[in-house]
Amino acid sequence: MNLYALLGHKPGSINIVSLLSEATKKANITGCIVPEPDVKIYKDAVYYSYLPLGISFNFEPSTPLSTARNSPKPDPSLLSLVAIHLYSHPTDKFATFPLSFTVSIQPSQESTVTMVELDMTKKAHEVVSLLGEPEKKEGGGRAGNCWIGYQSSLGVSCDFRGADWENRNMALGCVTISTPEK
């Protein structure tokens, strides 16, 4: 599944609804009814989080939003999807995102694009083996969980459930897909 194709979409777009329906079926949600999102509104972002599906959509408004308690939900036509967060249970109370997804890799010296398939069961060493050495590495030890980033080239960051860089079997906690910064 190419999640990059969803970037720029509005909440409720047919492509986002299709993804949610597919994830709902794969997650064996009773009655195959897409759960209602937990919506959090900030001045510069709106998150639609589907905890039982392990996915959260980060939308940016075209103009700053009011965060007053009585403010209505923002008009979906004013929002644009800028990032998708995929989770692995028990990270932030999310279930594990049930679908595999692809990441596009294009080595700078080659014109061929390679599609790499990932899922939320991958371990740290598998992610690095598939995506290559990360552009950034943070965390570990007292700094908290390990994190690797490929934002410039791939628009991907990966948080692991572990703080020991020597543990190649750290589980994925969260993968974020966004537009590469290139």
Side-chain angles (χ1 to χ4, degrees), residues 1-7 9 11 13 15-30 32-40 45 47-59 81-105 113-140 143-180:
M1 168 166 301
N2 181 1
L3 297 177
Y4 294 100
L6 298 177
L7 298 173
H9 281 248
S13 79
N15 297 57
I16 291 175
V17 169
S18 177
L19 167 67
L20 292 170
S21 295
E22 188 176 342
T24 298
K25 288 177 191 165
K26 183 81 175 190
N28 294 318
I29 302 289
T30 305
C32 288
I33 297 170
V34 175
E36 285 296 315
D38 178 21
V39 179
K40 299 244 191 277
Y47 291 88
Y48 283 60
S49 298
Y50 296 83
L51 279 73
L53 302 179
I55 190 167
S56 180
F57 298 103
N58 176 1
F59 294 96
L81 184 60
V82 294
I84 302 167
H85 307 281
L86 309 172
Y87 293 93
S88 174
H89 181 72
T91 305
D92 294 335
K93 301 180 183 176
F94 280 86
T96 299
F97 181 68
L99 304 173
S100 61
F101 52 96
T102 57
V103 173
S104 305
I105 299 177
V113 174
T114 303
M115 299 303 279
V116 174
E117 189 169 302
L118 291 175
D119 61 53
M120 296 308 294
T121 65
K122 296 285 186 239
K123 305 294 184 206
H125 72 96
E126 295 171 309
V127 172
V128 172
S129 175
L130 289 167
L131 301 182
E133 281 302 313
E135 297 158 9
K136 282 184 166 182
K137 291 169 85 173
E138 294 184 13
N145 285 346
C146 297
W147 172 93
I148 59 175
Y150 304 86
Q151 287 87 347
S152 294
S153 58
L154 307 177
V156 173
S157 65
C158 302
D159 300 333
F160 295 102
R161 291 196 318 251
D164 179 5
W165 282 110
E166 298 303 316
N167 179 2
R168 3 177 311 121
N169 290 314
M170 284 185 291
L172 273 170
C174 178
V175 173
T176 299
I177 306 286
S178 60
T179 302

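Index from 1, following the sequence. All heavy atoms count here, side chains included; hydrogens, waters and symmetry mates do not.
In plain terms, the two heavy atoms of Trp165 and Ile148 that are nearest each other are CH2-CG2, 3.7 Å. The two residues Pro37 and Tyr48 have their closest heavy-atom pair at CG-CD2, 3.8 Å. In terms of heavy-atom proximity, Cys32 sits nearest to Lys25 at SG-CG, 4.0 Å. Closest approach of Ala23 and Phe97 over heavy atoms only: CB-CE1, 4.3 Å. Contact between Leu172 and Phe160 at its shortest, heavy atoms only, is CD2-CE2, 3.6 Å. Residues Ile84 and Leu3 approach most closely at CD1-O, 3.6 Å, considering heavy atoms.
A distance of 4.5 Å separates OG1 in Thr102 from CG in Asn2, rounded to the nearest 0.5 Å. For the atom pair Ser21 OG and Ile33 CD1, the distance stands at 11.0 Å (nearest 0.5 Å). Atom OG of Ser88 is separated from atom NZ of Lys122 by 12.5 Å, given to the nearest 0.5 angstrom. Considering NE2 of His125 and CG of Asn167, their distance stands at 9.0 Å, rounded to 0.5 Å. Atoms CD and CD, from Glu133 and Glu135 in turn, are 11.5 Å apart once rounded to the nearest 0.5 Å. Separating the NZ atom in Lys93 from the OG atom in Ser49 is a distance of 12.5 Å, to the nearest 0.5 Å.
Between Phe101 and Met120, the closest side-chain pair of non-hydrogen atoms falls below 4.5 Å. In this structure, the side chains of Val82 and Phe59 stay at 4.5 Å or more apart for every pair of heavy atoms. Counting only heavy atoms from C-beta outward, the side chains of Asp92 and His85 never approach each other to under 4.5 Å. A heavy-atom distance below 4.5 Å is found between the side chains of Leu131 and Leu118. Inter-residue side-chain proximity for Val34 and Val17 is flagged as unmet; no heavy-atom pair is nearer than 4.5 Å. Between Thr24 and Ile29 the shortest side-chain heavy-atom distance falls below 4.5 Å. When side chains are defined from C-beta on, Asn145 does not count as touching Trp147, because their heavy atoms never get closer than 4.5 Å. In this structure, Ser157 and Gln151 have side chains that are in contact, with non-hydrogen atoms separated by less than 4.5 Å.
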Could you walk me through whether Leu130 and Ile105 pass side chain to side chain contact (heavy atoms under 4.5 Å, CB included), step by step? CA-CA 9 Å; Leu130 289 167; Ile105 299 177; 6.0 Å; no
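With hydrogens and angles ignored, the 3.5 Å screen pairs a side-chain donor or acceptor of Arg161 with a backbone N or O of His89. Distance alone, capped at 3.5 Å, places no donor-acceptor pair between the Thr176 side chain and the Val156 backbone. A donor-acceptor pair under 3.5 Å is absent between the side-chain atoms of Glu117 and the main chain of Ser100, judged by distance alone.
Remark: the Thr121 side chain and the Asp119 side chain contain an N/O donor-acceptor pair separated by less than 3.5 Å.
Between Phe94 and Tyr87, the ring planes lie parallel to each other; the angle is under 30°, not in the 30° to 60° tilted range.
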